[in-house]
Amino acid sequence: MAAAQRIVIENCSIATVDADDTEYASGYLVIAGNRIEAVGAGKAPEGLENVVRRIDATGHLVTPGLINTHHHFYQWITRGLATDHNLFNWLVALYPTWARIDEPMAYAAAQGSLATMARGGVTTAMDHHYVYPQGSGDLSGAIIRAARETGVRFTLARGSMDRSEKDGGLPPDFAVETLEGALTATEATVKEHHDASFDAMTQVAVAPCSPFSVSTELLRQGAELARRLGVRLHTHGSETVEEEKFCHELFGMGPTDYFESTGWLGEDVWMAHCVHMNDSDIAAFGRTKTGVAHCPSSNARLAAGIARVPDMLKAGVPVGLGVDGTASNESGELHTELRNALLINRLGAHREAALNARQALRLGTYGGAQVLGRAAETGSLEAGKLADLVLWKLDTLAHASIADPVTALVFGAAAPVTASFVDGRQIVENGRLLTVDEDAIARSTRDEAQRLARIAARA
């Protein structure tokens, strides 16, 4: 640390989201290299050496960077379609289009998804990509390249499907891989791209898509593969009542029991949605520390229901927030999910006691780090952790009359991001990305969306 270049941020409110929810009404934070060196009340210590920059953050709240725990980047180029469908009908409507994506499309869509999240305060992102049409190119490599260029910390959940329509699944027959092909490609992706180090920028998880698009063997062998390689596991679970019915009809048990029978409960597993879970399901997740990616906007868009987040938290289930694919959450922004998670959960059984502002912020930061298995490295502002943090501007018309900064951030309008740092490197300044050309990305995503639409129409 002594020789590292330092950045000093001062005169700001700070929500550390540490174990004690420590906050400072006026404090400082010191970045040394890619780590947080110090955080505290008042002014930064005198005599710091090698300070290359001082930021007067008056009027700002500093928080850990937001962490997205579930997404499908490729859907950026199929936004605004099937807007009045439930999940199963939506999937049936869109799978034939998705099955025709190629590498340039996947790259452009990843750029659009990442850029939107990053300029809205996301410092760690993930993508659950499970559509790998034959001859489509290096889709995983394209997605990882886009994340590297954007400058965010990233987990690729290498997905797969092998249960098509002919086997009783939802995807078209031409849209799936074989069992052997999926496992081989997933292992190759882990070996090529996964970095297990403390400050890793790229990690890979094993992620068969869902019970209604993968075989029991792919789930079982996928879990064995992940544990042999020492990586995490991700899938969709208990998203809709239709899925629960599907599992009972096909497997003779509900989704949670089915997942447990295939080795898919454990502290190295996280699942998206988990909307339709009974007390026994939640207890099983709590007992095994299986994580949940809560996606409130997508669940509302597809009329899936309200996940029992307060009950999950009480049971000790790790819970983070997810954007989900932007064909079911067209905004693609995680900072709006802080507010939506709080508001939607208050429509459930716990009403006004469901979540408060600080619990919502924890879901979007430390909770996400837990779910991705990176709580030792990021998710809170503490000395020794990675310098992934955001400066939210709260002294403008939209927020200035709200006295409590965390309340302003969560309950108020989407707050402007003055600066976002990942690994000690600034990637956003005054709401604009410093790493990539947003306008060029907008053009390329429009072009690739139109090209995909033409291909799908011809088919």
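In what follows, residues are counted from 1 in the order of the sequence shown.
Atom CD in E239 sits 6.0 Å away from atom OG in S298 (nearest 0.5 Å). Remark: I144 CD1 to D138 CG distance equals 8.0 Å, nearest 0.5 Å. The structure places OG1 of T63 at 11.0 Å from CG of D388, a figure rounded to the nearest 0.5 Å. To the nearest 0.5 Å, the span separating OG1 on T216 from OH on Y258 amounts to 2.5 Å. The CZ atom of F259 sits 10.5 Å away from atom CG of D281, with the distance rounded to the nearest 0.5 Å. In this structure, CG in L156 is found 9.0 Å from OG1 in T202, a value given to the nearest 0.5 Å.
H70 and H234 form a side-chain donor-acceptor contact under 3.5 Å, judged by distance and modelled atom types alone. Side chain to side chain, E267 and T288 fail the donor-acceptor criterion of an N or O pair below 3.5 Å. Side-chain atoms of T235 and W264 form no donor-acceptor pair, as typed in the model, at a separation below 3.5 Å. Side chains of N345 and H350: a donor-acceptor N/O pair is absent below 3.5 angstrom, by distance only. Donor-acceptor pairing under 3.5 Å is lacking for the side chains of T378 and K385. Side-chain contact, S210 with S213: a donor N or O sits under 3.5 Å from an acceptor N or O.
In terms of modelled atom types and a separation under 3.5 Å, the side chain of N329 and the main chain of V323 share a donor-acceptor contact. A distance-only check finds a donor-acceptor pair linking the side chain of T435 to the backbone of T150 [under 3.5 Å]. Between the side chain of E243 and the backbone N or O of S238, at least one donor-acceptor pair lies under 3.5 Å. The backbone N or O of W76 lies less than 3.5 Å from a partner atom in the side chain of T326, making a donor-acceptor pair. Counting only distance, with no hydrogens or angles, the side chain of R79 and the backbone of E330 share a donor-acceptor pair below 3.5 Å. Counting only distance, with no hydrogens or angles, the side chain of R425 and the backbone of G151 share no donor-acceptor pair below 3.5 Å. In terms of modelled atom types and a separation under 3.5 Å, the side chain of D20 and the main chain of T22 share no donor-acceptor contact. Between the side chain of H294 and the backbone N or O of L321, no donor-acceptor pair lies under 3.5 Å. Using modelled atom types, one side-chain atom of T16 and one backbone atom of D18 make a donor-acceptor pair closer than 3.5 Å. At least one donor-acceptor pair under 3.5 Å links the side chain of Q359 to the backbone N or O of N356.
Here the two rings, on H236 and H128, have centers that are under 6.0 Å apart. H72 and H129 have their aromatic ring centers separated by at least 6.0 angstrom.
Using a cut-off of 4.0 Å between Lys/Arg side-chain N and Asp/Glu carboxylate O, R158 and E177 are scored as salt-bridged. Looking at R287 and E260, a side-chain N of the basic residue comes within less than 4.0 Å of a carboxylate O on the acidic one, giving a salt bridge. For R6 and E49, the salt-bridge test fails: no basic side-chain N is under 4.0 Å from an acidic carboxylate O. E187 and K191 are joined by a salt bridge, as a carboxylate oxygen and a charged side-chain nitrogen come within less than 4.0 angstrom of each other. Here D56 does not pair with R54 in a salt bridge; the nearest charged N to carboxylate O distance is not below 4.0 Å.
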Could you walk me through whether R362 and D21 pass salt bridge (charged side-chain N to carboxylate O under 4.0 Å, His left out), step by step? CA-CA 9 Å; R362 179 171 289 273; D21 269 332; 2.9 Å; yes
Would you please test R53 and Q426 for side-chain hydrogen bond (donor to acceptor under 3.5 Å, both in side chains) and show each step? CA-CA 12 Å; R53 186 179 177 193; Q426 187 173 352; 2.5 Å; yes
Report the C-alpha separation of Y74 and Y107 in whole Å, then their side-chain angles, then the decisive distance to 0.1 Å, and conclude whether the side-chain hydrogen bond (donor to acceptor under 3.5 Å, both in side chains) test is met. CA-CA 8 Å; Y74 73 89; Y107 174 67; over 6 Å; no
Derivation and outcome, side-chain hydrogen bond (donor to acceptor under 3.5 Å, both in side chains), residues H276 and T240: CA-CA 6 Å; H276 295 277; T240 65; over 6 Å; no
Check the pair K43, N11 against side-chain hydrogen bond (donor to acceptor under 3.5 Å, both in side chains), reporting the backbone distance first and the verdict last. CA-CA 7 Å; K43 293 288 187 180; N11 305 320; 2.8 Å; yes
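A salt bridge (charged side-chain N to carboxylate O under 4.0 Å, His left out) with D268 is found for one member of R232, R227, K289, R228 and no other, namely R227. The side-chain hydrogen bond (donor to acceptor under 3.5 Å, both in side chains) test with R153 singles out one residue from T123, D199, D423, and that residue is D423.
Here the shortest heavy-atom pairing between A360 and V410 reads CB-CG1, 3.9 Å. Closest approach of P64 and S380 over heavy atoms only: CG-CA, 3.6 Å. Considering all non-hydrogen atoms of both residues, V206 and G222 come closest at CG1-O, 3.6 Å. The shortest heavy-atom contact between A15 and L361 is CB-CD2, 4.0 Å.
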